[in-house]
Amino acid sequence: MKSDSGEVLKFKLGNEFIATEDYAMGLNEALSVLTPFLSDSQRNDLCTKKLSLETSPVSEQAYIQSAVELTVCAHYARFYSDEFIYEEKVNPPKDVDCSVRIDGFKYNIEVKCADFVKKELVDKARGFKIGAMGRLDDYAQLVEQLQELFSSDGHVLSEQRHMDNNLKTFLVSAHSKFAAVTPDNELNVLVVACDDAMDMQKWHSYLFGVQGLFTNDSYADRAAYDRVDMVVLTNLYHRHKDPASKHKITGHWHLSEAFCILCANPFSEKPHATAYEFSKTVRHFNNEWNDYLSGADDILKGIGIPAFVGSELQAKGMYYFQPYVSETDEAESEAP
């Protein structure tokens, strides 16, 4: 599947979202790793249409989606090059982002990234915010009542974006790209790019919280996405969004330096060994996170990912996320 040319990509960057020299160098490295596996048309499509490297008519969201895809594909091309395939048609005519065969197992990988524009508008708005983990009965009525209460006291209460329908759409789309029947040694994987640690907690709750998509009482028909054996939640959106402001983060283009949580579909019929072998292919924090939450109460479990990131990683100088800085802290740091 490798290109005979061995050509290393050379281009003059014109994309406004590639904001720093280090970030641009990481992009060039990722492209150089992936290029030998691309046809000329695939290479042109990736560089000029998806990433829009020489000009920037592309939206930021479209760019980040393509950057996340490149990061994931380059990871598997870099470490498992012998049997890596870019855009394999595992369920023709549809293709997945990549597939790879490793030690007798095969992994079909599809990558998705949500549009966070509306979420970010709410997050940046002044006032109080309210959100929920999972789908709660009478939630909309509760929010309305609280908003009335807050407004009567001169305050604003904004409802945070609930994005489980985005995840359902990703699952259904990935399902359509995977073959209806696959052997026991083949795993269908959906990679979902998330924002900060609390956002990752919410996406985890969309799978395993109240009426979660990977639970017995899922609000959606599980048959519509039962070909998905594994979801990988990763903070690659956070790492590619405005990289110039993420000075604590390094290795934006390396999946091995991102924060990942593996979420096995409990209804998958694939053997545990297949999922276990896949878990060796990506750096994840499931074991450390589970140890941290051992014996924890429901309140801590509800914020388990940001609590773990703050107390077990950032407190020890390990920055997989850019630390949150409040408006008050920012103002104080700028004061003379």
Side-chain angles (χ1 to χ4, degrees), residues 68 71-72 75-76 79-80 102-103 105 107 109 131-134 163-164 167 171 187-218 228-239 246 248-252 254-268 270-324:
V68 170
T71 304
V72 174
H75 170 81
Y76 285 96
F79 293 109
Y80 308 102
I102 306 169
D103 296 334
F105 293 87
Y107 311 115
I109 301 169
M133 300 293 181
M163 302 179 72
D164 56 358
L167 182 52
L171 287 164
L187 203 73
N188 295 326
V189 180
L190 170 63
V191 178
V192 177
C194 304
D195 195 3
D196 59 22
M198 181 56 79
D199 183 65
M200 286 192 71
Q201 182 71 57
K202 291 178 180 178
W203 285 82
H204 188 269
S205 77
Y206 300 154
L207 290 172
F208 299 111
V210 179
Q211 298 186 50
L213 292 156
F214 276 179
T215 67
N216 282 314
D217 62 343
S218 170
V228 179
D229 301 306
M230 173 81 72
V231 170
V232 179
L233 298 179
T234 174
N235 70 334
L236 284 176
Y237 177 88
H238 176 78
R239 297 172 72 83
K246 308 286 173 60
K248 285 286 190 180
I249 295 176
T250 59
H252 297 259
H254 286 260
L255 181 62
S256 57
E257 295 189 38
F259 184 89
C260 300
I261 294 290
L262 308 186
C263 304
N265 184 348
F267 303 99
S268 170
K270 297 297 173 62
H272 173 76
T274 306
Y276 175 70
E277 290 301 319
F278 171 77
S279 74
K280 298 177 183 178
T281 72
V282 59
R283 173 72 173 102
H284 63 86
F285 284 87
N286 286 61
N287 295 333
E288 298 95 323
W289 180 51
N290 288 330
D291 288 344
Y292 174 75
L293 291 179
S294 178
D297 58 25
D298 290 340
I299 294 176
L300 179 58
K301 288 179 180 178
I303 56 169
I305 293 177
F308 170 76
V309 168
S311 63
E312 295 297 311
L313 298 180
Q314 290 182 1
K316 299 174 182 176
M318 294 181 282
Y319 293 99
Y320 291 86
F321 297 82
Q322 180 68 22
Y324 172 75

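Just the heavy atoms: all of them, side chains too, but no hydrogens, waters or symmetry mates, feed the values below.
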**Between CD on residue Gln211 and CG on residue Asn216, distance to nearest 0.5 Å** = 12.5 Å
**Asked** Tell me, do Phe285 and Val309 make a side-chain contact under 4.5 Å, heavy atoms counted?
**Response** no
**Student check: side-chain heavy atoms of Leu262 and Val282 closer than 4.5 Å** = yes
**Message:** So Asn235 and Asp195, do their side chains get closer than 4.5 Å, heavy atoms only?
**Reply:** no
**Message:** Closer than 3.5 angstrom, by distance alone: can the side chain of Asn265 be matched with the main-chain N or O of Met230 as a donor-acceptor pair?
**Reply:** no
**Prompt:** Can you find a pair of side-chain heavy atoms, one from Val72 and one from Val191, that are under 4.5 Å apart?
**Reply:** yes
**Message:** Please give me the minimum heavy-atom distance between Lys248 and Pro323, naming the atom from each residue.
**Reply:** CG-CD, 3.7 Å
**Prompt:** Quick one: CG on Asp199 to CD1 on Ile305, what's the gap to the nearest 0.5 Å?
**Reply:** 9.5 Å
**Asked** With no hydrogens and no angle check, do the side chains of Tyr76 and Thr281 hold a donor and an acceptor under 3.5 Å apart?
**Response** yes
**Sequence neighbours excluded, every pair satisfying salt bridge (Lys or Arg N to Asp or Glu O under 4.0 Å) that has a member inside residues 296-321** = Glu312-Lys316
**Request:** For side-chain contact (heavy atoms from CB on, under 4.5 Å), just list the numbers for Ile249 and His238, CA-CA rounded to whole Å, side-chain angles, deciding distance to a tenth of an Å, and then say yes or no.
**Result:** CA-CA 10 Å; Ile249 295 176; His238 176 78; 3.7 Å; yes
**Asked** Going by distance alone, is a donor N or O of one side chain under 3.5 Å from an acceptor N or O of the other, for Tyr319 and Thr250?
**Response** no
**Message:** Testing Tyr206, Trp203, Tyr237 one by one against Val192 for a side chain to side chain contact (heavy atoms under 4.5 Å, CB included), which residue passes?
**Reply:** Trp203
**Asked** So which heavy atom on Pro306 is nearest to which on Met198, and how close?
**Response** CG-CE, 3.7 Å
**Request:** Take the angle between the ring planes of Phe308 and Phe259 and call it parallel below 30°, perpendicular above 60°, tilted in between.
**Result:** tilted
**Item:** Any donor-acceptor N/O pair, Asp164 side chain to Gly212 backbone, under 3.5 Å
**Value:** no
**Item:** Atom pair CH2 (Trp289) and CG (Leu313), whose distance is rounded to the nearest 0.5 Å
**Value:** 13.0 Å
**Request:** Kindly check if the number of other-residue, nucleotide or ligand heavy atoms within 6.0 Å of OH (Tyr276) is above 12?
**Result:** no
**Spatial distance of atom CG (Leu187) from atom OG (Ser268) [nearest 0.5 Å]** = 6.5 Å
**Asked** Is the closest side-chain heavy-atom distance between Met163 and Lys202 below 4.5 Å?
**Response** no
**Fill in**
Heavy-atom nearest pair, Tyr292 first then Gly304, reads CE2-O, 4.2 Å
**Message:** Would the distance check show the side chain of Tyr107 and the main-chain N or O of Phe278 forming a donor-acceptor pair, the cut-off being under 3.5 Å?
**Reply:** yes
**Prompt:** Between SG of Cys260 and CG of Leu233, what distance do you get to the nearest 0.5 Å?
**Reply:** 9.0 Å
**Request:** Determine whether Met200 and Phe321 make a side-chain contact, defined as any pair of heavy atoms from C-beta on separated by less than 4.5 Å.
**Result:** yes
**Prompt:** Just how far is it from atom OG of Ser279 to atom CG of Asn287, taken to the nearest 0.5 Å?
**Reply:** 8.0 Å
**Prompt:** When the ring planes of His204 and Phe208 are compared, do they come out parallel, tilted or perpendicular, using 30° and 60° as the limits?
**Reply:** tilted
**Message:** Give me each pair satisfying salt bridge (Lys or Arg N to Asp or Glu O under 4.0 Å) with a member in residues 274-292, each pair once, sequence neighbours excluded.
**Reply:** Glu277-Lys280, Arg283-Glu288
**Prompt:** Quick one: does Val189's side chain get under 4.5 Å of Asp229's, heavy atoms only?
**Reply:** no
**Fill in**
Looking only at heavy atoms, the pair that brings Gln201 and Ile303 closest together is OE1-C, 3.5 Å
**Asked** Does Ser218 reach the main-chain N or O of Phe214 with its side chain, forming a donor-acceptor pair under 3.5 Å?
**Response** no
**Request:** Without swapping roles, check the side chain of His284 against the backbone of Val232 for a donor-acceptor pair under 3.5 Å.
**Result:** no
**Message:** When you measure from the side chain of Arg239 to the backbone of Glu257, do you find a donor-acceptor pair of N or O atoms at a distance under 3.5 Å?
**Reply:** yes
